Amino acid sequence: MKRSKSNLLISLFWLFLSAIFVIAFIGKFREIRGILRSADHYQKMLSEMQPVSTAYLSQLDYQAENLRKAEPALGAVKTRDSQGPEEGIGMIRNLLRKHKLGVERFRTAGKDGNTSAEFLLDCEGINFFNFLKEALEFQVPPNYISIKPASNYFNINVTVRFNNVP
């Protein structure tokens, strides 16, 4: 009788250990499958992108060199007269919508005319970098950017902050 209980306990122990191994294996398998899907997704997006011409790159290099040489005087910098930070934040939000970026949270802070706006985004990387490309043309470029991978491997979690929003 004792021997059969001992065998039963040993069998249950091995069954439990096997179940843990199978669950861990399935979890890793699903993780690898998600990573492969993500890689396929980004490879497809990359294959659809058009290459940048060398003429365009040389033009950008020329513009960057001119900007490095130019030192603007404080009086030469013009700022628009706006009605308040709502207009600047509205422009940023419109640009976010234009690039199909989902705003999870939005926060403003500041006083004495120094308003900062912080956006927490859950979006595709390509859309966010297209947003950044166009956001640099704004009066107020982003002052802080934090990018972390999201759990579904397709998206990224981004925190972007704009200080001194006009």
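Positions are given from 1 along the sequence. Predicted, not measured: the structure shown is a model, and the values here were computed from it.
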(message) Would L121 and V103 count as a side chain to side chain contact (heavy atoms under 4.5 Å, CB included) here? Give the steps.
(response) CA-CA 5 Å; L121 311 171; V103 177; 3.7 Å; yes
(request) With the side chain counted from C-beta on, respond yes when V160 and E118 share a heavy-atom pair under 4.5 Å apart, and no when they do not. (result) no
(message) Side chains of Y144 and F162, heavy atoms from C-beta outward: is any pair under 4.5 Å?
(response) no
Are [Y] and [X] connected into the same hydrophobic cluster when the rule is that any two of I, L, V, M, F, W, Y join if their side-chain heavy atoms are below 4.5 Å apart?
X	Y	answer
L132	F106	yes
F129	F119	yes
M45	F131	no
I10	F13	yes
L96	I147	yes

(request) Show your working on side chain to side chain contact (heavy atoms under 4.5 Å, CB included) between C123 and I156 and close with a plain yes or no. (result) CA-CA 6 Å; C123 57; I156 55 176; 4.2 Å; yes
Interatomic spacing from [atom1] in [X] to [atom2] in [Y] - rounded to 0.5 Å:
X	Y	atom1	atom2	result
N155	D122	CG	CG	4.5 Å
L8	L15	CG	CG	10.5 Å
L60	L67	CG	CG	10.5 Å

(request) Report the C-alpha distance between Y56 and D61 in whole Å, list the side-chain angles of each, state the deciding distance to 0.1 Å, and finish with yes or no for side chain to side chain contact (heavy atoms under 4.5 Å, CB included). (result) CA-CA 9 Å; Y56 180 71; D61 189 34; over 6 Å; no
(request) Return the set of residues passing ring-ring contact (aromatic ring centres under 6.0 Å, His included) with Y42 (not counting sequence neighbours), or none when no residue passes. (result)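 Partners of Y42 under the ring-ring contact (aromatic ring centres under 6.0 Å, His included) test: none.
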(request) Please confirm whether the backbone N or O of N163 pairs with a side-chain atom of N143, one donor and one acceptor, at under 3.5 Å? (result)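 Looks like yes, one N/O pair under 3.5 Å.
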(message) Ignoring hydrogens, what is the shortest heavy-atom contact between A117 and I89? Give both atom names and the distance.
(response)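 The pair with the smallest heavy-atom distance is CB-CG1, 4.0 Å.
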(request) Enumerate the residue pairs fulfilling side chain to side chain donor-acceptor pair (under 3.5 Å) with a member in residues 94-105, sequence neighbours excluded, ordered by first and then second residue. (result)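 Residue pairs with at least one partner in residues 94-105: N94-R97, K98-E134, H99-E134.
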(request) For residues 11-32, pull every pair meeting side chain to side chain donor-acceptor pair (under 3.5 Å), keeping only residues two or more places apart or in separate chains. (result)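 Applying side chain to side chain donor-acceptor pair (under 3.5 Å) to every pair that reaches into residues 11-32, excluding sequence neighbours, yields nothing.
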